[in-house]
Structures are given as C-alpha cells and as structure tokens.
Amino acid sequence: MADLCCHRWTILAVLLVCLTLFGSLLVQWPSMLNTFQRPKSTESDIPGNITNTTVLVWYWAFGFSQRLHGNVCKDRYGIPNCILSDDRSLFPQADFVIFHNRELINGQQRLPLHLPRPHKQRWVWFSMESPAHNGNLKPFAGQFNYTMFYRRDADFFTPYGWLEPHNVGTGMTVDDFIPKEKSSLACWVVSNFAAHHKRTEVYNKLKKVIPVDVYGGAVHRRLPSQDLLPTISHCYFYLSFENSIFQDYITEKLWDNAFSGGAVPVVLGPPRKNYEAMIPKDSFIHVDDFSSIEELGEFLKKLAGDKERYATYFKWKLNYTVMTSSNWLVKPPCQICTKLTTLQTPKVYWDLQSWEWK
Ligand SMILES: *[C@@H]1O[C@H](CO)[C@@H](O)[C@H](O)[C@H]1NC(C)=O
Ligand SMILES: *[C@@H]1O[C@H](CO)[C@@H](O)[C@H](O)[C@H]1NC(C)=O
Ligand SMILES: *[C@@H]1O[C@H](CO)[C@@H](O)[C@H](O)[C@H]1NC(C)=O
Ligand SMILES: *[C@@H]1O[C@H](CO)[C@@H](O)[C@H](O)[C@H]1NC(C)=O
C-alpha cells in the first residue's frame, strides 16, 4: 500500500490509459453488438421486490415433453425468479401460459376457455413455422396477448440462430474455418419435396448446370443426425432453401446446416436485405443475386475453383460465433422472465391472422 501511495503519478497515468481504453470500448461496443439482430441478454430486469414469475407450458410442442427438474431457468440459463412448469394445476397462478400453434390448429389441443382466466394472466402464441404452415388463425382472434415467433417484431423473438461477436485469438486465419476436404460442389438435405415449392423449381434448373448431392427422406437417402454436419463439411456450397418465403423466415437450413457444417450457404428465402439484417453480406450467396439459375450455377463452379475468393465467404467467422437455439422448448419460455419490463401492456392480438401474414 505504502509503495502505491508514493507513485501517485504512475497510478494516475495507468488510470488514464484504462479510462481511454474503456471509453473506446464503450464507443465501439454498441455498434458491434447491434450489427445483427439477436435476442437480448438473459439478465433479469425486474427492479425492486423480487417475486417469481410463473410460466406455464400448456402442452409441449410436437409432444417433445421436457423434464423440468429443480429451478430449471436458473440452473440452466442463470435466469432467476422464473418458475417454468407444465403442471396445469398451476393455471390459476400462472403469469404466462404458452400455447404452441400446431396442436391448436390440428385439433389435438384446445385453449382452456372453460377455465376462469386470471386477470393478470397473459397468453402467448408460439410458432416457429411460417404462415404457410400455421393454418387458420382466425378462431384465435382476441385470445393472445403476446407472440413467440421467429419474426423480429414478435414480442418474444425466437430466431433459429444468431451471431455473437467474438475475437478469435491472434494467429487464427480464415483458413482455420474452412473444412479441408471438399469433395462435393453443392449439397442439399430435403425432407419435404413438393413440386409447388419455389425451391423445387430452382433445384431442377440448377442440377442441369452443376452436380447437386441430395440427401434426406424426400429422396430415400436419409442422413443419420450424427452424419449431417460431417457430410455438409465436404460440400463447397449448401442449398439453404426455405420451404416458403416470408420475412425473417431463415431457418436451421442456414444456421445449423450451412454455417455449422462449414459450407457456404446458397439461400432461397426472403430478400437479401432481410438476410443482411441477421448475417454479414459476404457470408452467403443469394439466388436472387443472379438473373438466371444458369448464371448462379456457373458462378458456383468458378467460385469453388478460386481458393482465395472462396475464402472470403468465411472471413466473418473471425469476428462472430454462430449460435443456434439448442433448446427452443425450454429456453425461450425462461427468457420471458427477462423481458417483463419491456413488454407492452395491456396488449391483445385482436387479429392474429393479419398480424402473421402482414
Ligand atoms: C416484498 O415481498 C415480500 C414477500 O412477498 C413482501 O412481504 C414485502 O412487503 C414486499 N416489499 C415491498 C417493498 O414491496
Ligand atoms: C421463488 O421460487 C423459488 C424456487 O421455487 C423459491 O425457493 C422461492 O421461495 C420463491 N420466492 C418467492 C418470493 O415466492
Ligand atoms: C475481426 O477479427 C480480426 C481478427 O481477430 C480483426 O483483425 C478485425 O479487426 C476484426 N474486425 C472487426 C470489424 O471487428
Ligand atoms: C390479455 O388478453 C385478454 C384476452 O383478450 C384480455 O382480456 C387481457 O386484458 C389481456 N391482458 C393484458 C395484460 O394485456
């Protein structure tokens, strides 16, 4: 201590340097963080007296039931004061009740309209599907207070994936992110092959220009899940073709398959601008970038043969890590508790159908 006191100027200088560094970080940080849309932090923003928020999952999406031992939100995600349950007897005290859309529209489940709905209770409509696959939502007009959806304007934005800024250690180069053995030009895994999908038309044209390795149930060439990413890593390009085209509908076909597999995504989905709100502009190739599918095919052939240019599509990996929703059954419900103060209230979706299709 005594030593420190006698070097007041040194301390002052060190402080100044620290402050300057910290200041410049502060200036850069927000712009780094806000570059791409991603879910907000998971820290609790409830001020003052802390009471528990009860989130009730009325039934599990697609029957994927989860075991909720202990204080799940806190233990798994560090979210305190948040009780997640699928025990329907908690209905009278639940603050939020979540209903997954699929089971409602196919009649497997119903809204508990026969139960007295507590005044403070808020109902959440949940879907990860595009409007093309969400059925008729008109019967649900005026029932839901909030939406949990992949779209950015949902009350609870639940993207299929997002990027977190990071800085790799010095010494890492772009090449470290490119899988070494590339043996296929373009690959596609498709489980649902429908003639009316735009993607089917594009594929049929593309395969006349370049070889496309197709896997999946649709072509009786199923990939066991442990083989998926290793297979994709051998492909220069992966066809991240969405089954339908809607704003923000950018699914695991991009995040899990292409990005995590180490192939450059060729995307078919919403316009390029929509992708650029989520991912760097030089991380993907958009089908619409070309005036014809033939031109796209020729471009892919050339790019695969140009090592240096191909590498530019991986540069962003030096600055961002790919995050995917590893558990969208449990994490998003827990995250409700982190957004309490930002929710518009009261709120009712008087016309959920129009909101969904807008
Ligand atoms: C905080 O919560 C406790 C337990 O629910 C209650 O007894 C207490 O009055 C509350 N305090 C304030 C300031 O609201
Ligand atoms: C909140 O829930 C936890 C875990 O179940 C419990 O230990 C705690 O007493 C609860 N707090 C309040 C204020 O009800
Ligand atoms: C991206 O990461 C590289 C390597 O760590 C670094 O040199 C570069 O400044 C970073 N770019 C941005 C925009 O942060
Ligand atoms: C939630 O929706 C119901 C049904 O429309 C409505 O009566 C209630 O006031 C809403 N609650 C909030 C907090 O918005």
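What you see is a predicted model; the values in this text were computed from it and never measured. The figures that follow rest on heavy atoms only: side chains count, while hydrogens, waters and symmetry mates do not. Numbering of ligands and ligand atoms starts at 1, following listing order.
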Q: Using a 4.0 Å cutoff against the non-hydrogen atoms of R122, which atoms of ligand 4 qualify?
A: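 Answer, ordered by atom number: 13 (C).
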Q: Which option wins on minimum heavy-atom distance to atom 11 (N) of ligand 2: T54, N71, N52, T53?
A: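 Looking at heavy atoms only, the winner is N52.
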Q: Hey, does N145 come in under 3.5 Å of ligand 4, counting only N/O atoms on both sides?
A: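 Yes; at least one N/O pair falls below 3.5 Å.
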Q: Which residue and non-hydrogen atom of the protein lie closest to atom 14 (O) of ligand 4, and at what distance in Å?
A: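 Heavy-atom neighbour on the protein nearest atom 14 (O) of ligand 4: K347 N, 2.8 Å.
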Q: Would you call the rings of F259 and W316 parallel, tilted or perpendicular if under 30° counts as parallel and over 60° as perpendicular?
A: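 Plane angle between 30° and 60°, so tilted.
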Q: Check each atom of ligand 4 against the heavy atoms of T345 and keep those under 4.0 Å away; list them by number with element.
A: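 Counting atoms of ligand 4 from 1, those under 4.0 Å from T345 are 13 (C).
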Q: Take H100 and F62 through the ring pair (Phe, Tyr, Trp, His ring centres under 6.0 Å) test and state the conclusion after the steps.
A: CA-CA 8 Å; H100 184 247; F62 305 113; 4.8 Å; yes
Q: Taking SG to SG, are C73 and C337 separated by less than 2.5 Å?
A: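 Their SG atoms do not fall under 2.5 Å; no disulfide, then.
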Q: For the residue pair W355 and F149, categorise the inter-ring angle as parallel (less than 30°), tilted (30 to 60°) or perpendicular (more than 60°).
A: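 Taking F149 first and then W355, their aromatic rings sit tilted (interplane angle of 30° to 60°).
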Q: What orientation do Y249 and Y160 show, parallel under 30°, tilted 30 to 60°, or perpendicular over 60°?
A: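 The arrangement is perpendicular - the two ring planes meet at more than 60°.
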Q: Quick one: sort the F246 and W357 rings into parallel, tilted or perpendicular, breaks at 30° and 60°.
A: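 Perpendicular.
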Q: Below 4.0 Å, non-hydrogen atoms only: which portion of I83 touches ligand 2? Side chain, backbone, both or neither.
A: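 I83 to ligand 2: side-chain contact only, backbone stays beyond 4.0 Å.
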Q: Classify the ring geometry between Y59 and F99 as parallel (under 30°), tilted (30 to 60°) or perpendicular (over 60°).
A: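 Ring orientation of Y59 relative to F99: tilted.
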Q: What do you think, any protein heavy atom under 4.0 angstrom from atom 5 (O) of ligand 4?
A: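 Yes; the ligand atom in question has protein heavy-atom contact below 4.0 Å.
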Q: Is there any N or O on G142 that sits under 3.5 Å from an N or O of ligand 4?
A: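 The answer is yes, given that G142 and ligand 4 share an N or O pair closer than 3.5 Å.
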Q: Going by heavy atoms, is R117 under 4.0 Å from ligand 4?
A: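 Right, R117 reaches ligand 4.
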